[in-house]
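Everything on this sheet refers to the single structure shown next.
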Amino acid sequence: MILFPHCKINLGLHIVARRPDGYHDIETLFYPVRGLCDAVEILAGPDNGPGNGHDSDNRPGKTPGNHPETIPGKTGERETDEGITFTSTGLTVDCPPEKNLCVRACRLLREAFPEPFEKARGLRLHLHKRIPFGAGLGGGSADATAVLKGLNDLLALGLTTEALSPLAARLGSDTVFFLHDEPMLGTGRGERLAPCPVPDLAGWWLLLVKPDVGVSTAEAYSLATPRPPRIPLPEILRLPVEAWRGRLVNDFEAPLFGKLPLLGEIEAELYRLGAAYAALSGSGSTLFGLFREKPAAEGLSVKFFTHIERL
């Protein structure tokens, strides 16, 4: 089974209050971006457990460094964990396998439903990484959700979205959103979701720009000052896109632009290129712009990671 988890952007993000448990209450609109994806392959069965002799760089008929049916890239070391084999290609996965969200998602389901995992007699996860890290795009959360959904189907667990949601919430604040995969208003830590009307963005051009700097979520929150919003986010989102500038704000922007002026410079460049609206996504460090016409992004593309698609 091969899945292609895609990323998201945040349309507005209010940091409402700090909670007693150390987390923050937020208000944000999660919006799916389907053109920028990772690839997750899940294989079950006795031939896919640890020590079976398979490897992502020595399978018959495969080019070294490739994984079957995924995009060639840099092969990560194979790591095993009680019947789970994890490999990766593409962007370097910058954490030990036991902390990778794909492995953690697998463990979470295995703890809740041990019998189907025992019957599977081995699992192999392969991640090909294209969505940048520390970008505010939710790539890790999307990968984890893909593993939850994939294993639910592959092992015939029969779990509904409602049943998967509390498991997903244990993996991250935005992970539950990827179970729904449609624009959703997130409150609480981001795990409480509700449909929210937004202007029709079909036909708009989206440009993502990710400079070579990362922002950890913990660092971003440490710099921000929680405060209740003057105008609720759903009310702002009823306005046309052209009216969002100056109204639809991300509370992380002011502190992060002060710490990393390059982020503010990129946002200004997006407006110079003709964006109707531009903002930071999540806790950064990706900026995005919404355009009526396809923007000329070559100047940004030679300096930074960029992705452009028509919504």
At what distance, to the nearest 0.5 angstrom, does [atom1] of [X] lie from [atom2] of [Y]?
X    : Y    : atom1 : atom2 : result
I131 : L36  : CD1   : CG    : 5.0 Å
L123 : L151 : CG    : CG    : 6.0 Å
T28  : L185 : OG1   : CG    : 8.0 Å
S285 : L262 : OG    : CG    : 9.0 Å
E253 : L13  : CD    : CG    : 10.0 Å
N250 : N10  : CG    : CG    : 7.0 Å

The salt bridge (charged side-chain N to carboxylate O under 4.0 Å, His left out) partners of E115 (sequence neighbours excluded) come to K119
Those residues at least two apart in sequence (or on a different chain) that pass salt bridge (charged side-chain N to carboxylate O under 4.0 Å, His left out) with K129 are D38, D143
Within the structure provided, determine whether [X] and [Y] are in side-chain contact (heavy-atom separation under 4.5 Å).
X    : Y    : answer
L207 : L300 : yes
M1   : D153 : yes
T85  : L43  : no
I84  : R110 : yes
V16  : I26  : no
N100 : L127 : yes
S141 : F177 : no
P32  : P183 : yes

Does any donor atom in the side chain of T286 or S281 lie under 3.5 Å from an acceptor atom in the other side chain? no
In short, ring-ring contact (aromatic ring centres under 6.0 Å, His included) pairs touching residues 225-254 with sequence neighbours left out are Y221-F252, W244-Y277
Applied to residues 150-176, the ring-ring contact (aromatic ring centres under 6.0 Å, His included) test, sequence neighbours excluded, yields none
Write out all pairs satisfying salt bridge (charged side-chain N to carboxylate O under 4.0 Å, His left out) with one or both partners inside [range], taking only residues at least two apart or from two chains.
range            : answer
residues 19-30   : R19-D21, R19-D25
residues 284-293 : E242-R292
residues 258-278 : E219-K259, E269-R272
residues 225-234 : R227-D251

Across all chains, not counting sequence neighbours, the ring pair (Phe, Tyr, Trp, His ring centres under 6.0 Å) partners of F178 are none
Practice task
Take L148 and L171, measure what side chain to side chain contact (heavy atoms under 4.5 Å, CB included) needs, and give me the verdict at the end.
Solution key: CA-CA 11 Å; L148 290 178; L171 295 168; 4.0 Å; yes
- Message: Counting neighbours of CZ on F304 that are heavy atoms of other residues, nucleotides or ligands and sit closer than 6.0 Å, is the number greater than 12?
- Response: yes
- Item | Within 6.0 Å of CZ in R34, more than 12 heavy atoms from elsewhere | yes
Locate the shortest heavy-atom distance separating [X] from [Y]; write the atom from each residue and the value.
X    : Y    : result
C37  : F4   : SG-O, 4.0 Å
P211 : L263 : CG-CD2, 3.7 Å
G289 : L270 : N-CD1, 3.9 Å
L239 : P199 : O-CG, 3.2 Å
A44  : L155 : CB-CD2, 4.4 Å
T217 : S283 : OG1-OG, 3.7 Å

Residue pairs passing the side-chain hydrogen bond (donor to acceptor under 3.5 Å, both in side chains) test with at least one member in residues 177-187, sequence neighbours excluded, are H6-D181
So the side-chain hydrogen bond (donor to acceptor under 3.5 Å, both in side chains) pairs with at least one residue in residues 189-206 (sequence neighbours excluded) are S173-R189
Mind checking whether [X] and [Y] sit in one hydrophobic cluster, side chains of I, L, V, M, F, W, Y counted as touching below 4.5 Å?
X    : Y    : answer
L11  : M184 : no
L280 : F291 : yes
V241 : I308 : no
L233 : I9   : yes
Y31  : L193 : no

Next on the checklist: Between L109 and L159, is the side chain to side chain contact (heavy atoms under 4.5 Å, CB included) condition met? List the steps.
Outcome noted: CA-CA 11 Å; L109 275 181; L159 300 175; 4.1 Å; yes
Q: Before giving the answer on side chain to side chain contact (heavy atoms under 4.5 Å, CB included), spell out for L290 and L206 the whole-Å C-alpha distance, their side-chain angles and the decisive distance to 0.1 Å.
A: CA-CA 5 Å; L290 291 170; L206 172 71; 4.0 Å; yes
Side chain to side chain contact (heavy atoms under 4.5 Å, CB included) with T145: of L101, V40, T175, only one passes, and it is T175
Side chain to side chain donor-acceptor pair (under 3.5 Å) filter on H307, not counting sequence neighbours, yields E309
TODO: Please report the C-alpha distance between F288 and V33 in whole Å, then the side-chain angles of each, then the deciding distance to 0.1 Å, and finally whether the side chain to side chain contact (heavy atoms under 4.5 Å, CB included) criterion is met.
DONE: CA-CA 11 Å; F288 69 90; V33 177; over 6 Å; no
Donor-acceptor pair, S301 side chain versus T306 backbone, under 3.5 Å? no
